[in-house]
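All ligand and atom numbering here is 1-based and tracks the order in the structure. The analysis underlying the following values was restricted to heavy atoms, covering all of them including side chains, and did not include hydrogens, waters or symmetry mates.
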Amino acid sequence: MSTELFNQTIAQLADELASGKITSVELTQAVIARTQAVDERVKAFNSFDAADALAQAAASDARRTAGQALGPLDGIPIGIKDVIAVTGQPLTASSKMLANFVSPYDATVTQKLKKAGAVIWGRLNLDEFAMGSSTENSAFHTTRNPYNLDCVPGGSSGGSAAALAAGEAIATLGSDTGGSIRQPAALCNVVGLKPTYGLVSRFGLIAFASSLDQIGPFNRTVEDAAITLQAIAGYDENDSTSVKVEIPDYRAALKEKKGPWRIGIPKEYFGEGLDPEVAAAVEKAIEFYKSLGCEIKPVSLPHTEYGVGVYYIIATAECSSNLSRYDGIRYGHRSADAKDIVDLYYKSRAEGFGPEVKRRIILGTYVLSSGYYDAYYLRAQKVRTLIRQDFLNAYNEVDAIITPTTPTPAFKRGAKADPLAMYLCDVYTIGVNLAGLPGISVPCGFSSSGLPIGMQLIGQPFKEADLLAIAHAYDSKHDWSRKTPNL
Ligand code: GLN
């Protein structure tokens, strides 16, 4: 276990900052130096602005000296996925389309982190427009898994997961449409939380599939996830799907809520295709919950098998609409050699988008076209309702559901060239987005080849406090998530 500043948790660093043992400038310098030392190999960042981060850190230290420290995030460097807007910083979605775009405004989550005193640090790589499961779809470069540089970090928030695992940030933000926080968290040995749809504002998040997208944190512990969620959750009038709910004290809930809980095991998530080492690690975690006195119950989510199909109809339909704004006229890449307006639209999009984005726009346009709308899109919406109902039925009997986060540990770069093989990386995470539920991936072991394994806990809508408490009961008694890679 490393005692380096850049590998510590928010909870530890907040105490050290509060007691005056360290300053935010020292901490931020340590993170910058670490990034400069390892990012050539990990490639988690699209860009970073060290001078800007140090200026924020100095402002944090000045607040503290004046007796006006803001809370546990004050002075903590937090990396941001390059689809979340930060004023004056690049916002590229890892696409040629936005390669030169600088954001004129802050996302709501960015503003909230700034209000909590966090040092906003760096722009983290992703699959182009958050479409993918390996970060290989980035138009700029492929991020590496810090536990094995030949393997992928997962995706689409691969940069956010890898940067945190490698000590290049103290926490990071990502976005999750079908698994893009939980899957890379599992593959990189960090905690990843996808909140209930509507809990965290999407204002300032580049839209992929608006009915599924949700921003959430990557952390080293579940306690840190509670601290980070506290800062970013809450109603926002700038997001019409944001929900007005009371925000409890998530960190206090970790201590107050003690169980024992009723935990459901869906047999549909433990079948064919599941790597035996992953299954064994999750089963050990289940045994641990049993030892706490939790009631472990089989539950059934009978429509699980339709999840991936339904997701790739709804997500592509929504992305084909959301991405129509990139037309070469208003902002983004504009082709230099178009002969007329139609040619300008055509060439700008042909040059600006990569192959996976184009594949999805074409598929989404197809499922929405007249004649196919009822057969595909409308039917997918109906099955989506059934999938949500499966979960709600299960919650009549259990408080939470436990599953593997991913079917396998991290795979080699280039191993999933077939798009369908890549799509199946999210079989266990997609249902949570379709149902709008909260889900968290927590490290729970390593494979025989030294690659991290994660388990997923799925909670009830807006009951993040319970979900975090259940996850913390395991995480606080295991130190998987405190191991660090050899870089
Ligand atoms: N891997 C899934 C996809 O490619 C999910 C991506 C995400 O959650 N943003 O769509």
cation_pi(Lys483, Phe446) dist<6.0 Å, angle<=45: no
Sole candidate of Gln183, Arg182, Lys194 that passes side-chain hydrogen bond (donor to acceptor under 3.5 Å, both in side chains) when paired with Gln456: Arg182
Nearest neighbour in protein (non-hydrogen) for atom 3 (C) of ligand 1: Tyr312 OH, 3.3 Å
Shortest protein contact, atom 5 (C) of ligand 1 (heavy atom only): Tyr311 OH, 3.3 Å
Per-atom contacts of ligand 1 with Arg360, taking only distances under 4.0 Å to non-hydrogen atoms: 3 (C), 4 (O), 10 (O)
Atom indices of ligand 1, in the order listed, that fall short of 4.0 Å to a heavy atom of Phe208: 9 (N), 10 (O)
Identified ring-ring contact (aromatic ring centres under 6.0 Å, His included) partner of Tyr366 from the options Tyr372, Tyr373, Tyr312: Tyr372
Parallel, tilted or perpendicular, as decided by the 30° and 60° cut-offs, for the rings of Phe48 and Phe45: perpendicular
Close side-chain approach of Asp399 to Asp466, heavy-atom, < 4.5 Å: no
Ligand-residue contact atoms, ligand 1 with Gly132, heavy atoms, under 4.0 Å: 1 (N), 2 (C), 3 (C), 4 (O), 6 (C)
Mode of Thr177 contact toward ligand 1 - side chain, backbone, both, neither (heavy atoms, under 4.0 Å): both
Sole residue of Asp106, Val109, Thr108, Ile120 in side-chain contact (heavy atoms from CB on, under 4.5 Å) with Ile84: Val109
Distance-only N or O hit between ligand 1 and Gly179, under 3.5 Å: yes
Heteroatom distance test (Gly155, ligand 1): nitrogen or oxygen, under 3.5 angstrom: no
Aromatic ring pairing Phe353/Tyr326, orientation class (parallel under 30°, perpendicular over 60°, tilted between): perpendicular
Nearest neighbour in protein (non-hydrogen) for atom 7 (C) of ligand 1: Ser180 OG, 2.3 Å
Non-hydrogen side-chain atoms of Arg413 and Glu136 separated by less than 4.5 Å: yes
Numbered atoms of ligand 1 (with element) below 4.0 Å of Ala130, judged on heavy atoms: 6 (C), 7 (C), 9 (N)
Minimum-distance protein heavy atom relative to atom 2 (C) of ligand 1: Asp426 OD2, 3.0 Å
